[in-house]
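Note sheet for the following structure.
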Amino acid sequence: MQPRKPDTEVGPDSSTVAEKEVEAMVTPKPPRKRGRLQSRRARLALALGAGMMALLCLGGVGVFIALYDEATEIKRTEPDAVVDSFLGAFLVTRDDNEAKLYQCDSGGDFTQLVQYRDDTVSREKEFSVGISITWSSLAVETTGANGNVGVDLIRTIAGQGGRDSSSWQIALVDQDGWRVCGATKV
């Protein structure tokens with residue numbers, strides 16, 4: 001085998017290709033246009049902004065929860081306010097679950113008050129009238145962790161003006177705030 005002759009002839013096409021390759025190596029490329037979020041600074045600014053917004057949102061949620069909790073907290077610091085809320089739940093809205101929020105842990109004795117409410121409901125059905133119950137004259141007496149509140153309950157027949165009144169003693173106990181433990185007709 002004979003050695004091959006090197007190609008010494010250079011055609012017009014091959015020289016221009018080689019020149020272009022050399023020129024491409026020597027000539028710096030213009031910077032590529034980047035999108036907005038391609039640079040490091042833009043991504044960092046975006047991440048910091050998103051982080052700050054997340055912290056502000058979480059802080060806002062925390063403040064909202066704290067304010068909501070404070071606004072809806074059951075106030076049991078004053079005996080007359082507890083009796084007022086209990087009577088509203090038990091006699092006016094007739095919601096036993098709400099009334100239990102104001103009752104003492106042992107349950108208490110509410111048989112006479114239940115009879116009073118049942119009597120009111122039966123009169124409403126029997127005579128097809130609405131009867132509203134209001135109260136006045138909350139007289140508070142406390143000794144240590146126990147207390148009594150005297151109250152006058154007034155039943156009024158809606159539209160007719162007929163009414164009756166009765167006096168009651170509401171027993172209270174201080175169990176992490178005042179709670180109603182019984183009701184007795186005087």
Side-chain angles (χ1 to χ4, degrees), residues 47-186:
L48 285 174
M52 288 175 26
M53 286 300 291
L55 285 175
L56 285 173
C57 288
L58 286 175
V61 167
V63 168
F64 173 77
I65 289 172
L67 291 174
Y68 179 79
D69 186 46
E70 185 177 317
T72 59
E73 179 183 9
I74 297 172
K75 307 286 189 224
R76 294 186 182 103
T77 55
E78 299 297 324
D80 54 346
V82 171
V83 169
D84 185 57
S85 297
F86 171 76
L87 291 175
F90 194 80
L91 296 175
V92 177
T93 60
R94 299 174 185 160
D95 185 356
D96 290 334
N97 291 326
E98 185 182 349
K100 286 180 183 176
L101 297 173
Y102 301 99
Q103 293 178 358
C104 61
D105 294 335
S106 63
D109 181 22
F110 298 101
T111 54
Q112 290 182 358
L113 196 60
V114 169
Q115 290 171 352
Y116 182 79
R117 181 175 71 178
D118 291 344
D119 180 54
T120 303
V121 171
S122 68
R123 288 180 188 208
E124 285 178 329
K125 288 179 182 176
E126 183 180 343
F127 300 111
S128 299
V129 294
I131 298 175
S132 64
I133 300 175
T134 57
W135 48 93
S136 63
S137 307
L138 295 175
V140 179
E141 297 175 18
T142 59
T143 55
N146 294 319
N148 283 313
V149 174
V151 62
D152 293 330
L153 296 179
I154 304 162
R155 290 192 283 199
T156 306
I157 299 173
Q160 296 178 3
R163 61 180 6 190
D164 73 340
S165 177
S166 56
S167 296
W168 291 77
Q169 278 294 320
I170 309 293
L172 296 151
V173 66
D174 191 359
Q175 295 174 336
D176 191 29
W178 291 100
R179 297 177 189 266
V180 177
C181 281
T184 314
K185 190 173 184 177
V186 180

- Side chain of Ser85, backbone of Val82: donor and acceptor closer than 3.5 Å?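 No.
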
Test item: [X] and [Y] side chains (from C-beta on) under 4.5 Å apart, heavy atoms:
{"X": "Lys185", "Y": "Gln112", "value": "yes"}
{"X": "Leu101", "Y": "Arg76", "value": "yes"}
{"X": "Asp105", "Y": "Gln175", "value": "yes"}
{"X": "Cys104", "Y": "Val180", "value": "no"}
{"X": "Asp96", "Y": "Arg117", "value": "yes"}
{"X": "Val83", "Y": "Trp135", "value": "no"}
{"X": "Val186", "Y": "Thr184", "value": "no"}
{"X": "Thr93", "Y": "Glu98", "value": "yes"}

- Would Ile131 and Arg123 satisfy side chain to side chain contact (heavy atoms under 4.5 Å, CB included), going step by step from the backbone distance to the final call? CA-CA 8 Å; Ile131 298 175; Arg123 288 180 188 208; 3.8 Å; yes

- Atom CD of Glu78: over 12 foreign heavy atoms under 6.0 Å: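 Atom CD in Glu78 is not crowded, with 12 or fewer foreign heavy atoms closer than 6.0 Å.
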
- Ionic contact status for Asp118 with Arg94, cut-off 4.0 Å: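 The answer is no: the pair does not qualify as a salt bridge.
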
Distance in Å, [X] [atom1] paired with [Y] [atom2], rounded so as to fall on 0.5 Å steps:
{"X": "Ser132", "Y": "Leu91", "atom1": "OG", "atom2": "CG", "result": "11.5 Å"}
{"X": "Leu87", "Y": "Trp168", "atom1": "CG", "atom2": "CH2", "result": "9.5 Å"}
{"X": "Ile170", "Y": "Asp84", "atom1": "CD1", "atom2": "CG", "result": "11.5 Å"}

- Check the pair Leu172 / Asn146 against side chain to side chain contact (heavy atoms under 4.5 Å, CB included), numbers first and verdict last. CA-CA 6 Å; Leu172 296 151; Asn146 294 319; over 6 Å; no

- Task: From the options Asp164, Thr134, Leu113, select the one residue that forms a side chain to side chain contact (heavy atoms under 4.5 Å, CB included) with Leu153.
- Result: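 By the side chain to side chain contact (heavy atoms under 4.5 Å, CB included) criterion, Leu153 pairs with just one of Asp164, Thr134, Leu113: Leu113.
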
- Query: Aromatic rings Phe86 and Phe110: how do their planes relate, parallel, tilted or perpendicular, breaks at 30° and 60°?
  - Reply: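 Rings of Phe86 and Phe110: tilted, 30 to 60°.
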
- What pair of heavy atoms forms the shortest contact from Ile154 to Ser165, and how long is it?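 Of all heavy-atom pairs spanning Ile154 and Ser165, the closest is CG1-OG, 4.0 Å.
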
- Take Thr142 and Val140 through the side chain to side chain contact (heavy atoms under 4.5 Å, CB included) test and state the conclusion after the steps. CA-CA 7 Å; Thr142 59; Val140 179; 3.9 Å; yes

- Message: Looking only at side-chain N and O atoms, does Thr120 offer a donor or acceptor that is under 3.5 Å from a partner on Arg155?
- Response: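 Yes, because at least one side-chain N or O of Arg155 sits under 3.5 Å from a partner of the opposite role on Thr120.
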
- Query: Without hydrogens or angle criteria, can the side chains of Asp152 and Ser167 be said to hold a donor-acceptor pair below 3.5 Å?
  - Reply: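 Yes, a side-chain donor-acceptor pair sits under 3.5 Å.
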
- Please check if the distance between the ring centroids of Trp178 and Tyr102 is under 6.0 Å.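 Trp178 vs Tyr102: aromatic centres not under 6.0 Å.
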
- Show your reasoning for whether side chain to side chain contact (heavy atoms under 4.5 Å, CB included) applies to Tyr116 and Ile133. CA-CA 11 Å; Tyr116 182 79; Ile133 300 175; 4.1 Å; yes

